[in-house]
Amino acid sequence: MPQSFPPEPEQYDFGFDADPMDGLDPEDPGPDGYTAAAVTRSATDVTDETDETDETDETGLQTGPLTATELLAELDRWCDAGWLRRLDVALARWLSAELPDAAPELLLCAALLAQRESRGHTCIALDELLHQRRPDVIARPDDDAWLDGPAAARAALAATLQRLSPDSADWLNHLQTSAAVDEGTAAASGQAPLVLENEADGARLYLRRHWRDEQSVAAAVLARTETGTPPTPRHPRASGDPRPQDPLPAPPTVRHWLDQLFGPPAPTTDPTAPDWQRIACAMALLRGQLALITGGPGTGKTYTVARLLALLFALHPAPETLRIALAAPTGKAAARLKQSIDQALGQLGAALPGVLDWALLANRLKEALTLHRLLGARPDTRALRHDARHPLDVDLLVVDEASMVHLEMMAALLAALPARARLVLLGDKDQLASVEAGAVLGDLCGQAERGQYDADSVAWIAACTGNTVPPALRHVPGTPLPALAQQTVMLRESRRFQGAIGELAKAVNAGDVRAADAVFRRRDPAVQRLALTEAQALPAVLGLALQGRDGAPIGYDLYLAALRQRPPAGDAVAHQAWVVRVVRAFERVRLLCALREGDWGVTGLNARIETHLRSRGAIARHGEWYAGRPVMITRNDAALGVYNGDVGVALPGVEGGASLRVWLLEGEGQPPRSVMASRLAAIETAFAMTVHKSQGSEFEHVALVLPPHLNPVLTRELVYTGITRAKAAFTLVAPDPAVWAQALQRRTRRASGLPGLLLSGARPPGA
Ligand SMILES: Nc1ncnc2c1ncn2[C@@H]1O[C@H](COP(=O)(O)OP(=O)(O)OP(=O)(O)O)[C@@H](O)[C@H]1O
């Protein structure tokens with residue numbers, strides 16, 4: 001048995017462009033370096049042992065203890081059944097080849113860990129795995145299945161677990177004694193592919209990369225709280241430069257500015273309700289290095305942050321030197337952030353001329369970047385230009401749509417941010433977590449609803465805003481204080497969704513099926529459910545996509561009409577205006593699917609729409625491309641400047657001709673950008689897209705298509721995210737009401753050690 005594993009080579013890197021939900025290529029190197037080559041090697045290395053302990057019960061099922069060889073064969077069967085990916089089994093086989101006496105318990109953990117990782121979990125909890133042993137275990141509605149399959153998959157896992165040790169201490173021992181697993185202080189310096197955390201709340205097994213990222217996010221976040229104690233520093237601090245103690249402005253000054261920037265409260269506002277927007281600004285000042293502002297759609301996160309920028313600018317001793325960066329996970333979200341902030345500052349400048357140097361503030365705001373660009377992703381390497389040794393040159397960084405930031409990205413961002421810089425994270429903690437592993441914003445904002453403001457914060461809020469924090473949201477002295485409570489403000493009132501869409505989103509977020517159904521029954525034109533049988537639904541989706549529906553006549557026909565109004569070749573001005581019109585018309589509506597594959601998924605619906613458009617003569621395909629093809633980029637390409645999630649439309653250039661370019665809209669007032677269609681390798685047609693991919697985008701009309709059968713991806717968060725993409729109209733297509741109801745009952749629970757690590761930084765009672 002090797003005593004240690006080789007150092008983690010570069011190819012083991014999980015690139016930021018990796019997109020596990022989209023299905024990994026089995027031939028690609030996996031998360032921690034196991035490859036198809038490793039599978040082949042291990043398959044030939046593992047000899048066909050005769051099983052001395054073979055036992056069967058009266059039904060012929062194997063009942064004796066399982067050997068490693070049998071376990072691997074079982075994993076292959078699960079793979080053949082589609083319950084595991086080949087890559088998952090490859091990790092187990094690679095470990096078995098490297099460590100021929102590896103216990104089957106370890107190999108099973110490894111395969112399941114890889115599989116769970118592809119579902120966004122950063123680790124597996126041993127207790128939860130062993131709980132799957134009971135064959136009678138009834139899946140809780142919020143239980144994410146361990147194998148990608150029906151009841152038979154659950155039964156197969158239970159049967160396999162029954163043939164392994166029943167004692168969790170044995171499992172722990174197998175992991176702790178394996179050269180493939182590092183634990184405790186050895187984890188920071190070791191090179192084993194897996195890391196075990198055995199804490200009071202249970203044992204968790206990680207792929208090394210996720211463990212490292214989780215540790216560094218927790219350490220960096222806690223270092224940014226005034227009161228938090230960083231966890232045992234198994235990793236160096238995010239960035240070494242000293243933190244300044246910015247003198248706090250006097251509360252009357254803060255109040256003066258907040259009163260100016262927010263103006264008098266609207267007459268409709270309840271004067272006794274706290275104004276969380278002002279409170280968010282006041283708390284961001286008080287807890288300088290980290291502010292978490294969370295809230296549902298339209299609660300005014302951007303409205304608030306624009307005022308926070310103005311406030312910080314007004315109070316800064318040398319505002320002309322302030323370096324402000326704006327960023328978001330996708331290009332579209334970044335452009336939207338910049339546009340909203342520019343608009344808000346423009347309105348403020350018009351309302352408050354001369355109180356601030358608005359032009360200088362606008363000048364300090366550079367374009368909003370994707371996080372990839374901000375951190376300096378480069379075409380030929382996964383190393384980023386900015387890291388702890390080459391920190392970002394910023395004093396204040398605002399990141400929007402933070403729920404989409406995955407663990408690895410958050411770790412990279414925090415590492416590259418100078419300790420003295422302020423970080424403001426904006427996002428909706430209830431939205432779907434990132435496609436990639438981690439649910440960082442959800443973990444950081446885990447206690448947001450409860451407030452837990454301590455006496456200092458309550459006094460500061462009162463002095464700066466005149467607001468009284470309700471007793472229920474104050475910290476009770478003598479109880480532990482969550483580490484990030486003073487850093488977090490939740491905006492609680494939606495300013496955009498006062499109507500049916502807002503009510504539906506609220507009911508869904510609460511998992512209240514009856515309240516959600518009541519909204520549909522009201523027959524508000526903004527929210528409708530198409531009552532269709534399974535057979536009727538798919539043809540109806542086509543009509544819905546093209547023409548919209550009664551009360552919401554917004555469909556792709558509008559974009560097809562714009563497409564037909566092509567200007568004469570050579571007129572550059574008219575061409576640019578046409579491109580913008582076509583892309584904007586396309587962006588008004590979107591079919592959102594829960595699934596990728598199949599008739600009810602993205603691929604099936606896109607094919608259905610394309611076939612129909614072709615039969616109508618609306619598009620003329622040349623291979624996969626045609627003028628008007630809407631596409632979504634599915635992999636970052638820094639060289640081309642396109643990023644995962646960007647959407648554009650393929651159109652001819654100004655001179656016409658057959659060659660197509662994909663045109664992407666930039667911010668307001670900027671000319672569209674284009675890339676040769678033939679240079680884009682990772683794209684997919686975008687009439688329909690997954691809810692996951694729609695995060696950070698909004699459309700006037702959203703049609704959410706749920707399949708007629710329950711599927712593990714159908715969760716409350718998915719439905720909530722889909723609904724809240726709709727600005728004016730939402731249509732639900734869910735042929736089986738039971739599927740809809742069950743989806744609302746299921747919550748996404750991502751295994752993660754981050755809440756525990758943050759808890760370790762909580763202020764103890766009495767401190
Ligand atoms: N205090 C307020 N007074 C008046 N209008 C407001 C206020 N807060 C927000 N709004 C308006 O409500 C709308 C939604 O605000 P905003 O876009 O800031 O919300 P958000 O939380 O950033 O939304 P999302 O991230 O979902 O797009 C905007 O039109 C904004 O101008």
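Just so you know, ligand 1 is whichever comes first in the structure, and atom 1 is the first atom listed for that ligand.
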Does any donor atom in the side chain of R278 or T304 lie under 3.5 Å from an acceptor atom in the other side chain? no
Nearest heavy-atom contact between Y559 and A585 is CA-CB, 3.5 Å
Any chance CZ of R323 has more than 12 other-residue heavy atoms, nucleotides or ligands included, within less than 6.0 Å? yes
Kindly write out the residues that satisfy salt bridge (Lys or Arg N to Asp or Glu O under 4.0 Å) with R307, not counting sequence neighbours, or none if the list is empty. none
D512 (side chain) donor-acceptor with A507 (main chain) under 3.5 angstrom: no
From L718, V702, V602, L605, residue fulfilling side chain to side chain contact (heavy atoms under 4.5 Å, CB included) relative to L592: V702
Give me the pairs of N or O atoms, one from ligand 1 and one from the protein, that sit under 3.5 Å apart.
{"residue": "ligand 1", "atom": "1 (N)", "partner": "Q277", "partner atom": "OE1", "Å": "2.8"}
{"residue": "ligand 1", "atom": "1 (N)", "partner": "R495", "partner atom": "NH1", "Å": "3.4"}
{"residue": "ligand 1", "atom": "3 (N)", "partner": "Y303", "partner atom": "OH", "Å": "3.4"}
{"residue": "ligand 1", "atom": "8 (N)", "partner": "Q277", "partner atom": "NE2", "Å": "3.0"}
{"residue": "ligand 1", "atom": "17 (O)", "partner": "R496", "partner atom": "NH2", "Å": "3.3"}
{"residue": "ligand 1", "atom": "18 (O)", "partner": "T302", "partner atom": "N", "Å": "3.2"}
{"residue": "ligand 1", "atom": "18 (O)", "partner": "Y303", "partner atom": "N", "Å": "2.8"}
{"residue": "ligand 1", "atom": "19 (O)", "partner": "G300", "partner atom": "N", "Å": "3.0"}
{"residue": "ligand 1", "atom": "21 (O)", "partner": "T299", "partner atom": "N", "Å": "3.2"}
{"residue": "ligand 1", "atom": "21 (O)", "partner": "G300", "partner atom": "N", "Å": "3.0"}
{"residue": "ligand 1", "atom": "21 (O)", "partner": "K301", "partner atom": "N", "Å": "2.9"}
{"residue": "ligand 1", "atom": "21 (O)", "partner": "K301", "partner atom": "NZ", "Å": "2.9"}
{"residue": "ligand 1", "atom": "22 (O)", "partner": "K301", "partner atom": "N", "Å": "3.4"}
{"residue": "ligand 1", "atom": "22 (O)", "partner": "T302", "partner atom": "N", "Å": "3.0"}
{"residue": "ligand 1", "atom": "22 (O)", "partner": "T302", "partner atom": "OG1", "Å": "2.5"}
{"residue": "ligand 1", "atom": "23 (O)", "partner": "G298", "partner atom": "N", "Å": "3.0"}
{"residue": "ligand 1", "atom": "23 (O)", "partner": "R496", "partner atom": "NH2", "Å": "3.1"}
{"residue": "ligand 1", "atom": "26 (O)", "partner": "G298", "partner atom": "N", "Å": "3.1"}
{"residue": "ligand 1", "atom": "26 (O)", "partner": "R496", "partner atom": "NH1", "Å": "3.4"}
{"residue": "ligand 1", "atom": "27 (O)", "partner": "R496", "partner atom": "NH2", "Å": "2.9"}

